[in-house]
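The block underneath contains the structure these notes are about, expressed in structure tokens.
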Amino acid sequence: MKIVAIGFAVLGAMVCIFVSWRELALAQPRLVELGNLVVLTMTLVVLVWYACDTNTIARVTRERWDREGVLSTTYNLTMPNASVGDFGRTYFQLINGSPLVVKAKVNFNFRVYGHPVKAGDLYSGGKNWVLYPQQASQGWFEVQSLLKQQGKNVAEMQTETSEENRKLQLTMNLELKFWDEFGITRELPARAHYFDFKRWAWIPSLGEDA
């Protein structure tokens, strides 16, 4: 579109130059009409220039909003004041550092020995999180409640823990998708975690297969 506008302005300038040349070659050139043509042509060039600058500013502004929107969203997973053997309350926080309202779909994909369990709609993709500008939203779930869905409890899992199964007892594969008011989306790669019943902590995967 920008090329078309510039081409139109150039064509108008060329027409103006040609008409002016022909008119000035006459014995009695119509200077008033010629002046009006030159002014109109200059106005056209200025308008095209202004339109191009406005388009550039709009594009830069949109790119800035894109960067400051979903790209500034992040998450945090913590177990403050947790002690080995308690209910394993885990706090999950979504942080929106942008001036836009951002929504998020979160799916933890919890599994106990490979069997799916859930912590609620907000943690299994059933409901969207709404993140207000420059704010953080926080929720929580408990390890104990996840284990109960498969007839297990914390004490049993601690007894069963071995080097062979410690990364399989309780796992999550965290999926996060964000989108802002303009429909710009950001989907993070799924990140695997396992719960270590000896260290009493969620351990994230730090890499991926090459």
Side-chain angles (χ1 to χ4, degrees), residues 1-6 48 50-80 82 88-143 145-147 149-150 167-196 201-210:
M1 193 66 181
K2 183 177 180 179
I3 296 176
V4 173
I6 294 174
V48 170
Y50 175 78
C52 290
D53 282 350
T54 302
N55 180 69
T56 300
I57 292 171
R59 177 176 53 80
V60 171
T61 301
R62 179 59 181 268
E63 289 174 354
R64 180 176 66 83
W65 279 113
D66 292 351
R67 291 193 301 270
E68 293 180 355
V70 292
L71 292 183
S72 66
T73 50
T74 185
Y75 77 96
N76 194 24
L77 189 70
T78 59
M79 296 180 67
R89 177 167 292 188
T90 304
Y91 291 90
F92 178 70
Q93 188 177 63
L94 290 175
I95 303 165
N96 176 17
S98 80
L100 303 176
V101 174
V102 173
K103 294 184 180 181
K105 184 179 292 292
V106 178
N107 192 349
F108 277 90
N109 296 295
F110 292 112
R111 291 180 179 273
V112 175
Y113 285 123
H115 299 287
V117 295
K118 292 184 178 181
D121 288 342
L122 282 174
Y123 307 95
S124 60
K127 289 184 177 180
N128 296 329
W129 293 66
V130 179
L131 312 177
Y132 290 93
Q134 308 292 341
Q135 292 186 12
S137 297
Q138 179 172 281
W140 57 269
F141 57 87
E142 290 183 342
V143 170
S145 65
L146 296 174
L147 301 179
Q149 295 175 45
Q150 288 297 320
K167 295 184 179 181
L168 302 174
Q169 289 181 290
L170 175 58
T171 63
M172 73 164 78
N173 195 33
L174 178 57
E175 297 175 324
L176 286 171
K177 182 178 180 180
F178 302 97
W179 62 96
D180 63 23
E181 300 172 43
F182 297 112
I184 306 301
T185 62
R186 180 192 186 196
E187 189 166 358
L188 299 181
R191 191 174 192 186
H193 298 65
Y194 71 92
F195 190 78
D196 193 312
W202 287 99
I203 309 300
S205 173
L206 299 180
E208 63 179 10
D209 295 334

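Predicted, not measured: the structure shown is a model, and the values here were computed from it.
For the atom pair K177 NZ and E187 CD, the distance stands at 5.5 Å (nearest 0.5 Å). Here the CD-CD1 distance, from Q138 to I95, works out to 9.5 Å after rounding to the nearest 0.5 Å. Atoms NZ and OG1, from K103 and T185 in turn, are 14.5 Å apart once rounded to the nearest 0.5 Å.
Residues that satisfy the salt bridge (charged side-chain N to carboxylate O under 4.0 Å, His left out) test with E175, not counting sequence neighbours, are absent from this structure. In this view, S137 and W129, L131 satisfy the side-chain contact (heavy atoms from CB on, under 4.5 Å) rule, not counting sequence neighbours.
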Step by step, would you call N76 with Y91 a side-chain contact (heavy atoms from CB on, under 4.5 Å)? CA-CA 8 Å; N76 194 24; Y91 291 90; over 6 Å; no
What verdict does the side-chain contact (heavy atoms from CB on, under 4.5 Å) test give for L94 and T73, after you've listed the backbone C-alpha separation in whole Å, the side-chain angles of each residue and the deciding distance to 0.1 Å? CA-CA 7 Å; L94 290 175; T73 50; over 6 Å; no
Tell me, with the steps shown, if L77 and R191 meet side-chain contact (heavy atoms from CB on, under 4.5 Å). CA-CA 12 Å; L77 189 70; R191 191 174 192 186; over 6 Å; no
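Note: F108 and F141 meet the aromatic proximity criterion, with ring centroids under 6.0 Å apart.
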Without placing hydrogens or testing angles, list every side-chain donor-acceptor pair under 3.5 Å for residues 111-122, not counting sequence neighbours.
unit_1: R111; atom_1: NH1; unit_2: G114; atom_2: O; d: 2.7
unit_1: Y113; atom_1: OH; unit_2: E160; atom_2: OE1; d: 2.6
unit_1: Y113; atom_1: OH; unit_2: Q169; atom_2: NE2; d: 3.3

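Put simply, the side chain of Q134 gets close to the backbone of G97: a donor and an acceptor are under 3.5 Å apart. When atom types are taken as modelled, the side chain of S98 and the backbone of L100 share a donor-acceptor pair closer than 3.5 angstrom. No donor-acceptor pair closer than 3.5 Å links the side chain of Y194 to the backbone N or O of S205. With N96 contributing its side chain and Y132 its backbone, the two residues share a donor-acceptor pair below 3.5 Å.
The minimum heavy-atom distance linking K167 with T171 is given by the pair O-CG2, 3.2 Å. Listed here is the closest heavy atom pair of K105 and W179: N-CZ3, 3.8 Å. Across L176 and Y75, no two heavy atoms sit closer than the pair CD1-CD2, 3.4 Å. Between W140 and Y123 the shortest heavy-atom distance is N-OH, 2.9 Å.
In this structure, the side chains of M79 and F195 come closer than 4.5 Å at one or more pairs of heavy atoms.
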